[in-house]
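As structure tokens, the structure follows; a few thoughts come after it.
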Protein chains: 2
Amino acid sequence: MTSPRPSLDATQLGAYFALIEASSLLKHAVEQQLREAGDLSYVQFQLLATLGDSPTGSQRMTDLADGVVYSRSGLTYQAQTLEKRDLVTRTPSSDDERSTTVTITDEGRAVLARVFPGHIAVLDDLLFAPLSRSDIETLADILARARDHMRRTPPRSAEPRRRKKTTGTTQAP
Amino acid sequence: MTSPRPSLDATQLGAYFALIEASSLLKHAVEQQLREAGDLSYVQFQLLATLGDSPTGSQRMTDLADGVVYSRSGLTYQAQTLEKRDLVTRTPSSDDERSTTVTITDEGRAVLARVFPGHIAVLDDLLFAPLSRSDIETLADILARARDHMRRTPPRSAEPRRRKKTTGTTQAP
DNA sequence: GCGATGTGCTTCGGATTCGAAGCAACTGAG
DNA sequence: CTCAGTTGCTTCGAATCCGAAGCACATCGC
């Protein structure tokens, strides 16, 4: 098991901390802007943006949760909140009776349009300002690779639900 | 104010989304490992690591909060939690009576040592695996610049508390 | 058909967050 | 010294988040 891994070197540590810090700082800043501009939380914005981006303007709950890296229960909560504000509608799917389809409303699109300019402004000022064109391209490339890899690699014990048979040793799978 | 900013181009959007997604995925994975290995939340780990890294093993509450990008009240909560588990101690500073100094205990260091190997393993497997040496260096460099810039640039209305007089305008000091 | 298993979503309970307000200690001008 | 303004931390209340458990529909094998 845990092969004797030495400590990370300075560069790796630097990359890791910089990633966490940069995303935290950015997220906080964006969160504030969204709250002021449209009274949206970050997740709510992500959800609306994801829906708005979709060709049909709708998505299944589960796919939506996957897309924004959120727990399903957390998504239910946020979807209810958005529904109360009439920014999305939720209807049972015709295919699968147990599946719920979430769709963005015109009002949802309006809110999205209202907060977007400020959102972009924050990104420009905070994230992109100190970076060159090629920096941004490089960053996008590297992080996209990392993300895709993580998407493919389940986080070390993440069965969809509960593995049933077998005594399911808590030990090393 | 908001100068008429057009939309972001594809590369910028890609960089932004990749940053958010990658950090979210990584954080989730790390969180799970920390929970299993030492029953620590991500913040708690960050706090212990920050303290362990400090030459004296202690820090003021506020500096600690700044370091991990956290609210002060949130830090109070976590510090209390850690204190209950005897992983840190909190003592009033001798200099400033109102200041609290947090110090990591031997047991805190022990927990840190226990979770660290697994922590590094997750980073290696998820974040660094798909990246080359030079990728990591580049990533560290770019993100460090972005982070430093954000640290310097208050998020568009975030005075520490209430600005008193001085330059008055929120403009350039 | 009919039950066993799997999947999609929600509810429930508990933990963690943050911002605003409050308290106590420091600092500087008069 | 004394008072007003600041700063360091905590408390309070409300919002958000997650995992586990539960409910309802779907699908597969018999």
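Letters A, B, ... are given to chains in the order of the sequence lines, protein chains preceding strands, and every chain is numbered from 1.
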Exercise. Pick the nucleotide of DNA chain C nearest each of Ser41(B) and Thr76(A); which residue has the one closer to the 5' end?
Worked result: Thr76(A)
Exercise. Should Gln80(B) be listed as having a side-chain N or O under 4.0 Å from OP1 or OP2 of dT11(D)?
Worked result: yes
Exercise. Are the charged groups of Asp95(A) and Arg60(A) less than 4.0 angstrom apart, N to O?
Worked result: no
Exercise. What integer distance in Å separates Glu31(B):CD from dG19(D):P?
Worked result: 9 Å
Contact list (N/O, under 3.5 angstrom) for nucleotides 25-29 of chain C vs protein:
residue	atom	partner	partner atom	Å
dC26(C)	OP1	Glu97(B)	N	3.0

For this session: Let me know the distance between NZ of Lys27(A) and P of dC17(D), rounded to the nearest Å.
Result: 8 Å
Seminar exercise, completed: The nucleotide from dA15(D), dC9(C), dA20(D) with an atom nearest the side chain of Tyr77(A) is dA15(D)
Seminar exercise, completed: Sorted by chain and number, sequence neighbours left out, side-chain contact (heavy atoms from CB on, under 4.5 Å) with Asp53(B) holds for none
Exercise. How many Å lie between CG on Asp39(A) and C1' on dC18(C), as a whole number?
Worked result: 15 Å
Problem set entry | More than 12 heavy atoms from other groups under 6.0 Å of CG on Asp106(A) | no
Seminar exercise, completed: Residues passing the salt bridge (charged side-chain N to carboxylate O under 4.0 Å, His left out) test with Glu21(B), sequence neighbours excluded, are Arg147(A), Arg151(A)
For this session: Whole angstrom is fine here: how far is it from CZ in Arg72(B) over to P in dT7(D)?
Result: 10 Å
For this session: Report the distance from atom CD of Gln78(B) to atom P of dC9(D), rounded to the nearest whole Å.
Result: 16 Å
Exercise. Does any pair with a residue in residues 109-120 of chain B pass side-chain hydrogen bond (donor to acceptor under 3.5 Å, both in side chains), and if so which ones, sequence neighbours excluded?
Worked result: Tyr16(A)-His119(B)
For this session: For His28(B) and dC17(D), give me the distance from atom NE2 to atom P, rounded to whole Å.
Result: 10 Å
Problem set entry | Separation of atom CZ in Arg35(B) from atom P in dG19(D), rounded to whole Å | 9 Å
Seminar exercise, completed: Residues at least two apart in sequence or cross-chain that pass side-chain contact (heavy atoms from CB on, under 4.5 Å) with Ser94(A), listed by chain then number, are none
For this session: Could you list the residues that satisfy side-chain contact (heavy atoms from CB on, under 4.5 Å) with Arg145(B), not counting sequence neighbours?
Result: Leu131(A), Asp135(A), Asp141(B), Ile142(B)
For this session: Please list residues of residues 46-71 of chain B whose heavy atoms come under 4.0 Å from any atom in DNA chain C, ordered by number; otherwise none.
Result: Tyr70(B), Ser71(B)
Problem set entry | Residue pairs fulfilling ring pair (Phe, Tyr, Trp, His ring centres under 6.0 Å) with at least one residue in residues 46-66 of chain A, sequence neighbours excluded | none
Exercise. Which one, dT11(D), dC17(D), dC9(C), comes nearest to the side chain of Ser73(B)?
Worked result: dT11(D)
Exercise. Among all residues two or more places apart in sequence or in another chain, which pass the side-chain contact (heavy atoms from CB on, under 4.5 Å) test with Thr103(B)?
Worked result: Ser58(B), Thr89(B), Thr101(B)
Exercise. Atom CD of Gln44(A) to atom P of dC17(D): distance rounded to whole Å?
Worked result: 8 Å
